Structure formats: C-alpha cells, structure tokens
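Structure first, commentary second.
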Amino acid sequence: MTKVIEGKFDAKGKSFAIVVSRWNEFIVGKLLEGAKDSLLRHNCDIKNITVIYCPGSFELPLLVQKAALTKKYDAVIALGAVIRGATPHFEFVAGESIKGIAQVALSSGVPCINGILTCDTIEQAIERAGTKAGNKGFEAATVAIEMVDVLSQIK
Ligand code: INI
C-alpha cells in the first residue's frame with residue numbers, strides 16, 4: 001500500500017514567530033491580523049505567538065534567520081508588502097527578501113514562510129490583504145501550520 005504523509009492543520013502546542021516589515025503598514029497590518037487569525041483558529045495559544053517588527057522587507061531575512069536559529073519557534077512567518085515604484089528598487093527588495101527567506105529555511109531546517117506581497121500597484125496589495133483575493137497573511141500562517149506538522153512526520 002502507498003504510504004502517504006501529509007500535514008494536519010492543528011497548531012495546538014506549537015510556537016510561531018511572525019516577522020513583520022513596517023513598510024506599507026496599512027497593508028501589512030492586515031496581513032498580520034490574517035496570520036494571527038489563522039493561528040488562533042487552528043488552536044494556537046496566543047501566548048505562543050511572537051511578533052517581531054523590522055524596518056523593511058529587505059531586512060526580513062536576517063530577523064527571520066535570528067528567530068529560526070533560536071529554535072524557540074516551530075515556524076517563522078515573514079510578512080511584508082513590496083509595491084512597485086518609479087525605479088527598479090522594487091525588483092531588488094522583492095527578490096532579495098524572498099530569496100533570503102528561502103535560504104534561511106533550507107539552512108536552518110525551520111520552516112520559514114514567505115508572506116511577502118510583491119505587487120505592481122497598491123490596489124493589487126489591497127486585494128491580497130483581506131479583500132477580493134483573500135488574505136495572504138492568513139494563507140502564510142496556514143502554510144506554516146501544515147509545514148510544522150508534515151515535517152514532524154518525516155523521520
Ligand atoms: N520595503 C518594503 O517592505 N516595501 C516596499 O515597497 C519598499 N520600497 O518600495 O522601497 C521597501 N523598501 C525598503 C527596504 O525594504 C529596506 O528597508 C531599505 O532599502 C533599507 O535597507
């Protein structure tokens with residue numbers, strides 16, 4: 001018979017760090033609300049959620065790494081919103097942030113989840129922060145819960 005391993009969505013007894021970029025706070029604040037909502041609705045104790053603020057999305061990987069290496073958290077969730085402006089700055093910030101978070105996940109073995117919006121317009125960001133395209137913070141936290149559980153099953 002085929003053996004199947006898949007994550008369950010139960011955050012009871014699990015600890016999470018949410019690292020939050022301060023840029024575009026009116027968007028990222030909604031992602032944070034969504035992330036906390038998912039964790040709490042999946043049985044996470046509020047005392048097991050730590051929120052860490054950082055200046056901008058470019059700084060997220062270092063704080064995600066710091067949090068991951070403490071081994072105090074079962075997963076680290078990075079939240080940010082990078083919105084295209086008039087210069088190529090967007091490409092560098094978005095690319096480095098997301099690449100950095102992926103690197104930390106692989107090097108630490110701790111699931112580090114990408115909840116960074118990369119949008120051409122503010123409207124696109126609003127759509128993904130709790131309006132018509134859902135809430136990507138909620139989705140990122142739900143992915144974190146699934147990853148924690150599936151990783152615990154692979155021995
Ligand atoms: N940081 C963001 O999180 N979102 C943005 O849209 C953004 N833009 O557009 O510039 C942004 N820039 C700041 C960057 O993350 C760093 O904090 C800064 O470059 C200092 O290292």
Side-chain angles (χ1 to χ4, degrees), residues 7 9 11 14-42 44-151:
F9 293 89
K14 305 298 181 193
S15 294
F16 297 85
I18 310 176
V19 188
V20 184
S21 160
R22 290 188 192 278
W23 262 72
N24 301 311
E25 195 281 330
F26 68 106
I27 299 290
V28 182
K30 294 290 179 194
L31 300 182
L32 177 58
E33 280 177 26
K36 284 159 88 177
D37 187 35
S38 172
L39 296 177
L40 296 174
R41 283 166 62 179
H42 291 96
C44 185
D45 190 315
I46 198 159
K47 292 194 293 294
N48 291 335
I49 302 173
T50 302
V51 177
I52 302 166
Y53 283 98
C54 82
S57 293
F58 189 80
E59 285 73 37
L60 283 169
L62 181 58
L63 290 188
V64 167
Q65 181 184 55
K66 184 80 180 175
L69 293 180
T70 65
K71 302 288 176 189
K72 278 166 59 180
Y73 309 107
D74 293 286
V76 183
I77 301 157
L79 300 179
V82 191
I83 301 175
R84 193 183 290 279
T87 71
H89 193 61
F90 166 93
E91 320 283 351
F92 295 106
V93 173
E96 292 306 310
S97 306
I98 292 171
K99 200 166 57 185
I101 290 160
Q103 279 171 3
V104 177
L106 291 176
S107 62
S108 68
V110 176
C112 298
I113 310 302
N114 169 30
I116 305 173
L117 299 181
T118 54
C119 299
D120 288 328
T121 63
I122 288 174
E123 188 182 32
Q124 286 178 351
I126 292 169
E127 283 173 2
R128 288 158 180 77
T131 62
K132 71 181 184 189
N135 185 314
K136 298 298 171 191
F138 187 101
E139 287 179 23
T142 310
V143 167
I145 296 164
E146 183 175 357
M147 282 298 289
V148 169
D149 192 73
V150 74
L151 280 168

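When a ligand or atom number is given, it counts from 1 through the structure's own listing order. Note that the structure is predicted; figures quoted are calculated from it, not measured. Reckoned from all heavy atoms, side chains included, excluding hydrogens, waters and symmetry mates.
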At less than 3.5 Å, what protein N or O atoms come close to the N or O atoms of ligand 1? Include the distances to 0.1 Å.
{"from": "ligand 1", "atom 1": "3 (O)", "to": "S21", "atom 2": "OG", "distance (Å)": "3.3"}
{"from": "ligand 1", "atom 1": "3 (O)", "to": "S57", "atom 2": "N", "distance (Å)": "2.9"}
{"from": "ligand 1", "atom 1": "3 (O)", "to": "S57", "atom 2": "OG", "distance (Å)": "2.7"}
{"from": "ligand 1", "atom 1": "4 (N)", "to": "A81", "atom 2": "O", "distance (Å)": "2.8"}
{"from": "ligand 1", "atom 1": "6 (O)", "to": "N24", "atom 2": "ND2", "distance (Å)": "3.3"}
{"from": "ligand 1", "atom 1": "6 (O)", "to": "I83", "atom 2": "N", "distance (Å)": "3.0"}
{"from": "ligand 1", "atom 1": "10 (O)", "to": "H89", "atom 2": "NE2", "distance (Å)": "3.4"}
{"from": "ligand 1", "atom 1": "15 (O)", "to": "S57", "atom 2": "N", "distance (Å)": "3.2"}
{"from": "ligand 1", "atom 1": "15 (O)", "to": "F58", "atom 2": "N", "distance (Å)": "3.1"}
{"from": "ligand 1", "atom 1": "17 (O)", "to": "E59", "atom 2": "OE1", "distance (Å)": "2.6"}
{"from": "ligand 1", "atom 1": "21 (O)", "to": "E59", "atom 2": "OE2", "distance (Å)": "2.5"}

R22 bridged to E25 by N-O distance under 4.0 Å: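 Here R22 does not pair with E25 in a salt bridge, since their nearest N and O are not under 4.0 Å apart.
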Selection residues 84-106 - residue pairs positive for side-chain hydrogen bond (donor to acceptor under 3.5 Å, both in side chains), sequence neighbours left out: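 For residues 84-106, and leaving out neighbouring residues, the side-chain hydrogen bond (donor to acceptor under 3.5 Å, both in side chains) pairs sorted by first residue read R84-E91, R84-D120, E96-K99.
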Under 3.5 Å, which donor-acceptor pairs link side chains of residues 60-81 to any protein atom two or more places apart or in another chain?
{"from": "T70", "atom 1": "OG1", "to": "A67", "atom 2": "O", "distance (Å)": "2.6"}
{"from": "T70", "atom 1": "OG1", "to": "K72", "atom 2": "N", "distance (Å)": "3.1"}
{"from": "K71", "atom 1": "NZ", "to": "S108", "atom 2": "O", "distance (Å)": "2.9"}
{"from": "D74", "atom 1": "OD2", "to": "S15", "atom 2": "N", "distance (Å)": "2.7"}

Contacts table for residues 143-151: side-chain donor-acceptor under 3.5 angstrom, sequence neighbours left out:
{"from": "D149", "atom 1": "OD2", "to": "K8", "atom 2": "N", "distance (Å)": "2.8"}
{"from": "D149", "atom 1": "OD2", "to": "Q153", "atom 2": "NE2", "distance (Å)": "2.8"}

K136 side chain reached by L31 side chain, heavy atoms, under 4.5 Å: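 Counting from C-beta outward, L31 and K136 do come under 4.5 Å.
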Y53 side chain near V28 side chain, heavy-atom distance below 4.5 Å: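 A side-chain contact is absent here, since even the closest heavy-atom pair is not under 4.5 Å.
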